[in-house]
Amino acid sequence: MSERERALGSTLKFAVPPDYVFRRDVCSYGYFLLAPNRWDPATESLGRTFEVGEPGAWLTVRAVIDQPAGSNGSPVRVRCDQRLDRADLASLRSQVRRMLNLEDQGVRAFHRSAPEFRRSGRARLFRSPTLFEDVIKTVTSCNVAWTSTIRMNERLCTVVNPAFPRPSQLARRKPGTLRARCGVGYRDVRIVEIGRLFASGASAVDGLEDSSRPDDEVYEQLLGLPGIGPYAASNVMQLLGRYGHLPVDTETMRHARSVLGMEGEDKRLRERVEEHYRPYGEHRFRAYWFELWADYERRRGPAWTWDPETTGKTFTASSLRD
DNA sequence: GGTAGACCTGGACGC
DNA sequence: GCGTCCAGGTCTACC
């Protein structure tokens, strides 16, 4: 493809399920506020840098994704800053489909289990183009305030790769460099090690996306990864489309006390939270999460109106405490 | 199996 | 402007 042909940006349009509402379903999980994603509340579009191609010939593409008609189930559009060939368009399409979680077959079942979310239509959860990015984003969200998570992801994109670091890029980095330039702190060694595992296709990460495997097996495997404890493993589970685990953190405790009216010490509260969401079975994460999200929206307005520079930075348990 | 303390960063607070 | 304290989940050592 010539340079001139490339200059005329490609546009991709594709059908989505009838229930799909772009602004609601993108702004459904905090990762829509993390680099390289950039939500624009004014145009209700998501900007992002992607990488297409193959090892040794990566192509960096800047794209803007939206749903021009804005109505349920109307096609989603992806506008690129350059012209892509068929293979690159296919790669981009598959990355966007993962982010938008379009293959999620459990929406109806979730609404049967939790009819209180039928009216809002909440069910789908936003995620990253790759499992690797979801895992690293999860590690950067552990033991840290939300603003620091935002900063770490920004710096990883600025310092290593604007489309988000690839496993091999993090595998090659010195931990000290990541710590000094990306502000990841003691997570440096763990991030490099996760990069190595994904880059080499080690058995520790093999089969994580195999949906035929039982939940408990995948959960145990995740717990074996560096930097991944019970909270992070449960969070990655939901990013894999497995919603039966609850990632319990300080924010869960705040929610239990302030919204569910529960009392007691953390250990007892943890048990009560598990008990509370048990009736939702394999959908319990979604029931928990959209209840929490509805509370955020009561405080801050609909998520699609949040400005990443202001409102988007205010989510952390201590700042939301009543 | 349970628990205490270290890990690192940035924000809040007091002086 | 500086020093101190605290929030935040994982990991290791120890009981």
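Proteins come first, then strands; the chains are lettered A, B, ... in the order of their sequence lines, and each starts at number 1.
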Minimal non-hydrogen separation, A/G53 against A/W58, with atom names: O-CZ3, 3.7 Å

Nearest-Å distance for atom pair NE2/C1', residues A/H255 and C/dG8: 19 Å

Euclidean distance, atom CG of residue A/N143 to atom P of C/dT12 [Å, nearest integer]: 15 Å

Between C/dG9 (P) and A/L223 (CG): distance, integer Å: 16 Å

Under 3.5 Å side-chain donor-acceptor pair for A/T138 and A/Y31: yes

Distance below 4.0 Å between A/T250 side-chain N/O and C/dG8 OP1 or OP2: yes

Atom-to-atom span, CD1 of A/I150 to P of B/dG11 - whole angstrom: 11 Å

Salt bridge (charged side-chain N to carboxylate O under 4.0 Å, His left out) evaluation trace for A/R124 with A/E103: CA-CA 10 Å; A/R124 293 175 196 274; A/E103 318 304 331; over 6 Å; no

Nucleic acid contacts of residues 179-192 of chain A, taken as heavy-atom distances under 4.0 Å to DNA chain B: A/R179, A/G183, A/G185, A/Y186

Output field: ring centroids A/W293/A/Y296 closer than 6.0 Å: yes

Polar side chain donor-acceptor pair, A/Q95 to A/S91, under 3.5 angstrom: yes

d(NZ, A/K267; P, B/dG1) in whole Å: 13 Å

A/T147, nearest nucleotide to its side chain (from B/dG11, C/dT10, C/dG8): B/dG11

Rounded distance (Å) that lies between atom P of B/dC8 and atom CZ of A/R155: 16 Å

Residue-level proximity of residues 202-209 of chain A to DNA chain B when a heavy atom falls under 4.0 Å: none

Ring-face cation contact, A/F50 with A/R48, 6.0 Å cut, 45° max: yes

Flag for A/S128-A/D134: side-chain donor and acceptor within less than 3.5 Å: yes

Sugar-phosphate only, base, or nothing, as touched by A/L225 at under 4.0 Å among non-hydrogen atoms: sugar-phosphate

Within the 6.0 Å centroid threshold, strictly below: A/Y29 and A/W289: yes

Whole-Å distance separating the CE atom of A/M152 from the C1' atom of B/dG10: 10 Å

A/R151, nearest nucleotide to its side chain (from C/dG8, C/dT10, B/dG11): B/dG11

Whole angstrom value for the distance that separates P of B/dG11 from CH2 of A/W146: 15 Å

Counterpart residues, salt bridge (charged side-chain N to carboxylate O under 4.0 Å, His left out), relative to A/E291 (two or more places apart): none

